[in-house]
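Everything on this sheet refers to the single structure shown next.
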Amino acid sequence: MSDTVAQPGLQALSKSFEPAAIERHWGPEWERRGYGVAGFRGTAHPSPEAAAAGKNFAIQLPPPNVTGTLHMGHAFNQTIMDSLTRYHRMAGFNTAWVPGTDHAGIATQIVVERQLQGQGISRHDMGPTPEEARKNFVAKVWEWKEQSGNTITQQMRRMGDSVDWTREYFTMDDKLSKVVTETFVRLYQQGLIYRGKRLVNWDPVLMSAVSDLEVESEEEDGSLWHIAYPLASGEGQLVVATTRPETLLGDVAVMVHPEDERYAHLIGQYVKLPLCDREIPVIADEYVDREFGTGVVKVTPAHDANDYAVGQRHQLPMIGVLTLDAKINDHGPAKYRGLDRFVARKQIVADLEAAGLLVEVKKHKLMVPRCARTGQVVEPMLTDQWFVAMTKVSEQDPTGKSIAQKAIDAVQSGQVTFVPENWVNTYNQWMNNIQDWCISRQLWWGHQIPAWYDVEGNVYVARNADEAQAQLQSYAANLSETQRAALLAGGLKRDDDVLDTWYSSALVPFSTLGWPEALQDGAATKDYDLYLPSSVLVTGYDIIFFWVARMIMMTTHFTGRVPFKHVYIHGLVRDAQGQKMSKSEGTVLDPVDLIDGIALPELLEKRTTGLRKPETAPKVRKQTEKEFPDGIPAYGADALRFTFAALASLGRSINFDSKRCEGYRNFCNKLWNATRFVLMNCEGHDCGLGDHTADQCVPGGGYLHFSQPDRWIVSRLQRVEAEVAKGFAEYRLDNVANTIYEFVWNEFCDWYLEIAKVQIQTGNAEQQRGTRRTLIRTLETILRLAHPIIPFITEELWQKVAPVAGRAGASVSIAAYPVSEPSRIDEAAEAHVAQLKALVDACRNLRGEMNVSPAQRLPLYAVAGTAEGAAFLNGVAPVLQALAKLSEVKVFADEASWAAAAQAAPVAVVGLGADVARLCLFMEIDVAAEKARLSKEVARLQGEIAKANGKLGNEAFVAKAPPAVIDQEKKRLADFSATLAKLQEQLQRLG
């Protein structure tokens with residue numbers, strides 16, 4: 001058939017699906033055509049009509065660290081975002097997916113410092129003065145950013161992410177840095193940013209405050225030291241238990257529970273602080289847990305967050321005994337000064353023992369807070385830091401609400417909703433107990449705080465140095481001439497600290513859309529109005545507080561709008577065993593390795609480099625060799641994306657097994673082969689796409705005739721389109737993926753294509769046109785339907801299919817998304833095909849019962865109880881013969897003649913609406929041999945039934961066995977009995 005007609009589309013398709021070449025072509029091509037640029041369907045301009053209809057869809061990429069690489073969590077997160085973006089682009093929304101990268105203060109500075117260490121220098125050696133050194137170091141970081149910063153964006157391109165690269169930002173860009181300064185100055189002027197001494201997480205190696213997010217607490221083996229504090233009166237002692245004996249040098253009290261009768265009489269007395277020449281009071285506080293240790297607790301407000309709160313309540317002094325690099329400072333006794341904290345610990349324990357004050361030491365498991373970036377034990381440290389006041393109301397605020405309250409209200413009022421909604425509780429719990437936010441970091445890489453100090457320590461917060469100088473001048477103008485001269489001569493020095501990375505990330509929803517200049521822009525379709533609030537934020541639950549909550553706070557405070565309408569919180573990607581994927585543990589997968597494939601030696605090399613504990617390398621190698629004995633095959637981006645989409649349920653964790661990619665790669669192969677089949681049968685042929693009237697598409701109308709199976713597949717397609725739209729609306733990409741998979745694999749490929757073959761071979765011209773039109777149109781719709789999830793293969797195939805289907809357009813990615821038409825749902829056609837499927841399944845089951853190989857074609861003898869039933873059987877005979885691999889289908893007029901012909905063959909009964917059909921596959925058999933075979937099988941089954949009855953009748957078995965085992969045994973018994981009844985009926989018929 002295909003020899004006589006021109007089929008350029010089919011000829012241009014390779015025999016099998018080769019993802020690499022397709023991805024190499026289409027990724028850059030989409031970008032070249034600008035389809036990802038914000039606007040309407042790839043035009044790079046917004047449609048005022050879409051905007052007026054409220055059809056704007058925007059999404060902010062959670063900015064990955066600029067120096068990082070894409071991991072499976074990113075790839076999963078981006079598959080969801082790209083599928084949503086492509087869907088809305090095709091559905092006629094003004095669409096913007098804004099990409100960017102984060103400067104990642106700590107992570108990036110560490111990377112560059114390690115490079116310098118390799119050359120034997122530290123950042124402080126990079127210039128003759130601290131200012132020069134800092135300037136040169138920052139230049140070095142920018143250089144490194146230029147080199148490695150595009151790794152992630154290249155990987156995003158490999159995934160097929162249709163972001164708007166023209167709007168790409170970097171959080172240290174001038175545009176965003178300006179907004180960082182502007183918001184800082186405004187918050188300071190509103191009285192919502194202040195500087196103060198507070199207890200923060202301190203990394204003594206990094207020499208910086210770190211956020212809670214950068215602290216990982218892990219259980220480790222330690223000790224609990226019980227130390228005697230002698231009463232000053234000389235009448236006994238109190239025993240205190242501690243896991244950090246070195247901090248006792250900073251104790252300012254010991255405390256007991258006010259209702260603890262053991263110690264009530266001592267409240268208000270003093271004890272002698274061991275190894276120090278000080279006396280400290282015994283105080284009462286309900287914070288004490290009477291059951292833990294001895295019920296007496298030491299209080300060190302400068303080195304413990306809980307003690308800090310106690311110190312504030314009781315107005316106790318604060319004595320810090322550690323330097324910023326965690327050595328004992330001058331507040332400690334002379335003999336310990338200058339000792340590292342852990343060296344001092346050993347010395348102090350030895351001295352306590354020598355003084356007879358160490359009562360006992362117990363082994364103790366405790367949670368040790370370590371900095372995730374450096375692995376150092378974090379110290380609570382009292383330092384000068386900048387903070388944003390979370391619960392204070394600025395006098396200048398017209399709403400009369402604090403920053404935190406605005407963010408609580410945004411969610412409470414439903415302006416921001418969480419999917420799944422249970423995450424609201426997590427959000428509210430954190431927001432209602434929120435602490436002021438420490439926003440300063442003692443690093444060199446980041447947004448330097450816009451504050452300057454004069455020689456007297458007065459602070460000037462300003463947008464730039466000139467503005468700070470002007471503030472200094474105006475302050476000095478009120479001083480005496482001598483004071484003024486001295487103050488101005490001293491000049492200004494800028495604050496050395498930089499802002500927490502999360503500060504600039506919190507501004508992204510509006511800093512990337514032109515705030516504050518956009519407020520002066522009168523254009524009706526400016527980004528700021530179309531895309532703020534954005535439609536949805538897609539993120540993992542691990543950064544609800546650090547990022548999600550702060551974006552809501554900052555955006556509502558500065559713009560009066562919410563940053564996004566929905567927050568879709570997805571689970572975290574774990575390995576096949578449900579363990580967290582971690583580079584330092586050697587368990588990560590690089591998404592690009594799943595796309596391109598990787599040989600075992602390269603994979604082993606990759607997984608054993610950069611381990612946190614290099615000694616675990618042999619274990620990592622062994623695990624990798626077991627999981628990927630032949631390395632990882634190339635699955636292609638589409639199969640990887642399909643896998644992610646199918647896993648995107650609303651659960652807390654996503655266990656990723658690369659074996660599943662294989663199933664979805666097989667799906668891509670099946671779609672490819674189905675397309676080749678459809679093109680072979682449609683391209684160059686009359687597909688019924690000419691002009692015609694409604695009268696011409698009824699049977700005998702002369703142009704088009706649609707069979708019941710044609711109507712069925714179109715009807716099923718409408719239902720699938722509705723299911724898919726519902727899946728996208730509910731952020732259930734697993735439902736979208738599974739619905740498309742089931743429809744394409746089972747209904748279109750396994751059933752409809754097989755039926756269509758017969759219809760084309762046996763039908764007249766009208767019927768062939770109807771079938772061809774249905775084939776090509778359904779396939780073209782499937783390609784549009786699946787495009788958001790598997791963009792590369794659908795684009796490649798659509799380019800060949802669309803012209804044959806009579807659909808114009810440059811690309812599937814800007815074609816209209818299919819919309820369900822309920823009027824085309826055809827219940828009668830669906831019932832017809834359901835009956836046809838039941839007949840085919842019955843024939844296949846009979847074949848199984850008779851142990852007949854699928855290759856052997858047998859005749860089917862059938863009889864129905866009514867004339868309608870018989871007409872149905874005759875009507876579907878050609879299709880049934882092909883699908884059930886029969887030599888012929890013979891429909892008998894009455895039961896008696898059918899029974900005489902069927903003789904002893906096994907019989908299946910199939911419901912046909914109100915009627916029933918009886919079917920048998922006829923095969924000449926040796927009656928004696930068949931009776932012997934059946935008798936042997938009957939005897940075996942009777943034995944099995946007796947065994948199962950014996951078990952179920954045994955009280956000891958029933959009492960001990962789990963319910964599942966008993967149910968299984970009952971099911972076996974029922975199955976054996978049903979089979980036995982069938983065989984006995986056959987034996988009877990053999991006479």
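All values below come from the heavy atoms of this structure, side chains included, with hydrogens, waters and symmetry mates left out. In this text the structure is predicted, and so the values were computed from the model without any measurement.
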For a 4.5 angstrom cut-off between non-hydrogen side-chain atoms, does [X] reach [Y]?
X      : Y      : result
Leu70  : Val592 : no
Pro791 : Arg641 : yes
Lys15  : Arg676 : yes
Arg158 : Glu23  : yes
Val678 : Val801 : no
Phe644 : Ile789 : no
Trp751 : Val833 : no
Tyr635 : Leu640 : no

Can you tell me how far apart [atom1] ([X]) and [atom2] ([Y]) are? Round to the nearest 0.5 Å.
X      : Y      : atom1 : atom2 : result
Leu647 : Ile654 : CG    : CD1   : 6.0 Å
Thr539 : Met81  : OG1   : CE    : 8.5 Å
Arg732 : Thr739 : CZ    : OG1   : 10.5 Å
Tyr531 : Asp164 : OH    : CG    : 8.5 Å
Gln11  : Lys800 : CD    : NZ    : 12.0 Å
Arg167 : Leu61  : CZ    : CG    : 15.0 Å

What heavy-atom pair brings [X] and [Y] nearest, and what distance separates the two atoms?
X      : Y      : value
Asp710 : His705 : OD2-O, 4.0 Å
Ile595 : Ala637 : CG2-N, 3.6 Å
Val889 : Ala877 : CG2-O, 3.7 Å
His787 : Ser813 : NE2-CB, 3.2 Å
Pro48  : Thr525 : CA-CG2, 4.4 Å
Tyr664 : Tyr741 : CE2-CD1, 3.7 Å

Is it true that the NZ or CZ of [X] lies under 6.0 Å from the centre of [Y]'s six-membered ring and within 45 degrees of the ring axis?
X      : Y      : answer
Arg157 : Trp165 : yes
Lys670 : Phe748 : no
Arg89  : Trp30  : no

Would you confirm whether [X], through its side chain, and [Y], through its main-chain N or O, come within 3.5 Å as a donor-acceptor pair?
X      : Y      : value
His566 : Tyr568 : no
Asn77  : Val538 : yes
Asp826 : Arg711 : no
Gln799 : Glu796 : no
Arg33  : Ala810 : yes
Gln155 : Thr69  : no
Glu747 : Arg716 : no
Glu31  : Gly27  : no
Gln881 : Ser887 : yes
Ser535 : Ala58  : yes

- Task: Examine the side chains of Gln154 and Asn150 and answer whether a donor and an acceptor come within less than 3.5 Å of each other.
- Result: no
- Item | Gln60 versus Ser534, side-chain donor and acceptor atoms under 3.5 Å | no
Is the closest basic N to carboxylate O distance between [X] and [Y] below 4.0 Å?
X      : Y      : result
Lys726 : Glu723 : no
Arg784 : Glu780 : yes
Asp82  : Arg86  : yes
Arg719 : Glu827 : yes
Arg769 : Glu766 : no

- Message: Tell me if the aromatic rings of His832 and Phe872 count as close, with their centers under 6.0 Å from one another.
- Response: yes
- Candidates Tyr817, Tyr731, Phe57 - the one meeting ring-ring contact (aromatic ring centres under 6.0 Å, His included) with Tyr87: Tyr817
- Item | Pair Val736-Ser83, side-chain contact (heavy atoms from CB on, under 4.5 Å): steps then yes or no | CA-CA 10 Å; Val736 171; Ser83 300; over 6 Å; no
- Message: Go through it in stages, so that I can follow the logic: the residues are Leu775 and Ile760, the test is side-chain contact (heavy atoms from CB on, under 4.5 Å), and I'd like the CA-CA distance, side-chain angles, deciding distance and then a yes or no.
- Response: CA-CA 11 Å; Leu775 268 176; Ile760 287 174; 4.0 Å; yes
- Note on the structure: Tested for side-chain contact (heavy atoms from CB on, under 4.5 Å) against Phe40, the lone hit among Thr95, Asn94, Asn56 is Asn94
- Could you check Glu795 against Ser811 for side-chain hydrogen bond (donor to acceptor under 3.5 Å, both in side chains), going step by step and ending with a plain yes or no? CA-CA 7 Å; Glu795 180 72 275; Ser811 160; 2.4 Å; yes
- Message: If you apply the rule salt bridge (charged side-chain N to carboxylate O under 4.0 Å, His left out), what do you find for Lys659 with Glu662, and how did you get there?
- Response: CA-CA 5 Å; Lys659 307 277 182 304; Glu662 205 167 313; over 6 Å; no
- Message: Assess the residue pair Phe17 and Leu671 against the criterion (side-chain contact (heavy atoms from CB on, under 4.5 Å)); give the C-alpha distance rounded to whole Å, side-chain angles, the decisive distance to 0.1 Å, and a yes or no.
- Response: CA-CA 9 Å; Phe17 170 52; Leu671 181 59; over 6 Å; no
- Evaluate the ring planes of His88 and Phe93, with Trp represented by its six-membered ring, and classify them as parallel (under 30°), tilted (30 to 60°) or perpendicular (over 60°). perpendicular
- Query: Under the side-chain contact (heavy atoms from CB on, under 4.5 Å) criterion, do Arg824 and Leu717 qualify, and how do the steps go?
  - Reply: CA-CA 9 Å; Arg824 299 181 73 187; Leu717 181 60; over 6 Å; no
- NE2/His45: more than 12 non-hydrogen atoms of other groups inside 6.0 Å: no
